[in-house]
Amino acid sequence: MRSVQSHATIRVDREDKLADETFEITGILENRETGRRWLRLELPNRNIIKKVGCSPRQILAALTDLGVIVLDKKALIEHLTRELFENKPRLQVTSIKPGSDDETSVYEEFIRFVWQNLAELQKEDNLTKISYSPDGKRITVTINVSTMRRDFFARTAGIHDRETQDAILRYWREEGWLETQASQDQDGRLSVVASFSTRAGKKYARAFKITVPTEGLDYAAFENRKNREQISLAET
């Protein structure tokens, strides 16, 4: 059975009698924002390329969706499990930008979160303040670290792992959406010290300072991607 090529491709031939069509796993796709990974599945005879989950069962589900007939499900799962364990580290990793057709961008989700909760965020004692740019095309959201991690990342985006949260924030900083103090860049701090007006007076707290556009987000497209992503996750 010919499975792995010198250029780190996992290949299953039709002649292997595991499926009625040759297919290949040619690499790994990694979301630059979240670090989430998929496999790149190719059907060379039909010039089809599809982004699929990283487990053997997700590969099988994708093959079925593409009309490939699996001839021996158990044997194919065992084969893919072995090949992925042995050769996945050798597959080429390609970084992709978030917000593709079938996955939502966390930044887009934050924009939506801000506009849906704008009034609530600006209430006293919520430790969030909003400032508009002179041209009115963007706002700067200065939001308390605890509020951001709890209300947006955990409750809204479903991202509870702090390491993943910080990776997303670092990506936002690279894109110019998260503002940090130059003096703090060396130690990797993602938050700044900000002052907030509360009923008890002025309060200082660590906060994330994030720029959000006032227009340009296609909410219908966002909802469609979000719905497809939730369906995909439910099938894993």
Side-chain angles (χ1 to χ4, degrees), residues 4-12 23-66 68 80 83-114 152-153 156-178 188 190 208 210-213 216-236:
V4 182
Q5 306 298 307
S6 59
H7 55 285
T9 294
I10 297 173
R11 179 182 175 96
V12 174
F23 67 89
E24 299 175 340
I25 304 297
T26 59
I28 295 172
L29 302 174
E30 183 177 71
N31 184 298
R32 285 178 56 193
E33 185 180 37
T34 64
R36 186 181 175 195
R37 288 185 165 195
W38 301 265
L39 296 175
R40 179 186 171 103
L41 171 67
E42 296 192 27
L43 304 181
N45 293 338
R46 288 191 275 157
N47 294 319
I48 291 176
I49 299 173
K50 184 177 177 64
K51 184 174 72 174
V52 303
C54 293
S55 75
R57 292 189 181 277
Q58 288 173 307
I59 297 171
L60 260 65
L63 290 171
T64 300
D65 289 343
L66 293 170
V68 176
L80 290 173
E83 293 297 332
L84 288 171
F85 177 78
E86 293 177 357
N87 298 293
K88 192 174 178 181
R90 299 179 57 240
L91 293 172
Q92 182 179 5
V93 178
T94 302
S95 179
I96 58 173
K97 294 199 69 164
S100 59
D101 288 342
D102 55 358
E103 195 200 11
T104 56
S105 158
V106 181
Y107 180 65
E108 282 185 336
E109 195 157 359
F110 179 72
I111 296 172
R112 190 170 184 271
F113 167 79
V114 169
F152 173 68
F153 274 129
T156 302
I159 301 169
H160 299 271
D161 179 65
R162 179 161 179 162
E163 186 176 339
T164 302
Q165 295 178 5
D166 287 350
I168 292 167
L169 291 165
R170 282 192 291 271
Y171 174 75
W172 291 5
R173 181 172 61 182
E174 291 173 7
E175 292 294 316
W177 304 326
L178 176 73
L190 297 166
F208 296 118
I210 306 164
T211 300
V212 170
L217 178 62
D218 186 336
Y219 287 113
F222 174 91
E223 289 293 350
N224 288 335
R225 286 199 303 273
K226 190 67 176 175
N227 290 337
R228 286 198 298 271
E229 183 180 353
Q230 288 172 344
I231 292 171
S232 175
L233 289 174
E235 292 174 345
T236 61

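Closest of all the heavy-atom pairs between L84 and P89 is O-CD, 4.3 Å. Contact detail for E33 and V106: the closest heavy-atom pair is OE1-N, 2.9 Å. The two residues F208 and L190 come nearest to each other via the heavy atoms CD2-O, 3.5 Å. Closest approach of L91 and A8 over heavy atoms only: CD2-O, 2.8 Å. In plain terms, the two heavy atoms of R11 and P44 that are nearest each other are NH1-CG, 4.5 Å.
No side-chain heavy atom of T34 sits under 4.5 Å from any side-chain heavy atom of P98. Between F23 and L66, every side-chain heavy-atom pair lies at or beyond the 4.5 Å cut-off. In this structure the side chain of V114 never reaches within 4.5 angstrom of the side chain of F152, judged on heavy atoms. For the pair L63/L41, a side-chain contact is recorded, criterion being any heavy-atom separation below 4.5 Å from C-beta on. A 4.5 Å side-chain heavy-atom check between K97 and Y171 finds at least one atom pair inside the cut-off.
Distance check, rounded to the nearest 0.5 Å: CD1 of I49 to CG of N47 gives 8.0 Å. With rounding to the nearest 0.5 angstrom, the CZ atom of R36 is 9.0 Å from the SG atom of C54. Atoms CZ and CD, on R90 and E83 in that order, are 10.0 Å from each other to the nearest 0.5 Å. Separating the CD1 atom in I28 from the CZ atom in R40 is a distance of 12.5 Å, to the nearest 0.5 Å. Atom OG of S95 sits about 9.5 Å away from atom CG of L29, to the nearest 0.5 Å.
With sequence neighbours left out, Y107 forms a ring-ring contact (aromatic ring centres under 6.0 Å, His included) with W172, W177. The salt bridge (Lys or Arg N to Asp or Glu O under 4.0 Å) search around R46 returns E21, not counting sequence neighbours. Every residue two or more places apart in sequence or in another chain that forms a salt bridge (Lys or Arg N to Asp or Glu O under 4.0 Å) with E30 is listed here: R37. Judged as a salt bridge (Lys or Arg N to Asp or Glu O under 4.0 Å), and not counting sequence neighbours, R170 has no contacts. In this structure, the side chain to side chain donor-acceptor pair (under 3.5 Å) partners of S55, at least two apart in sequence or on a different chain, are Q58. Every side chain to side chain donor-acceptor pair (under 3.5 Å) that D161 has, sequence neighbours left out, goes to T164.
Looking at Q165, its side chain never comes within 3.5 Å of a backbone N or O of F153 through a donor-acceptor pair.
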Original post:
Passes side-chain contact (heavy atoms from CB on, under 4.5 Å), L39 versus I10? Steps please.
Top reply: CA-CA 11 Å; L39 296 175; I10 297 173; over 6 Å; no
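The one candidate from I59, N87, T9 that meets the side chain to side chain contact (heavy atoms under 4.5 Å, CB included) condition with I25 is I59.
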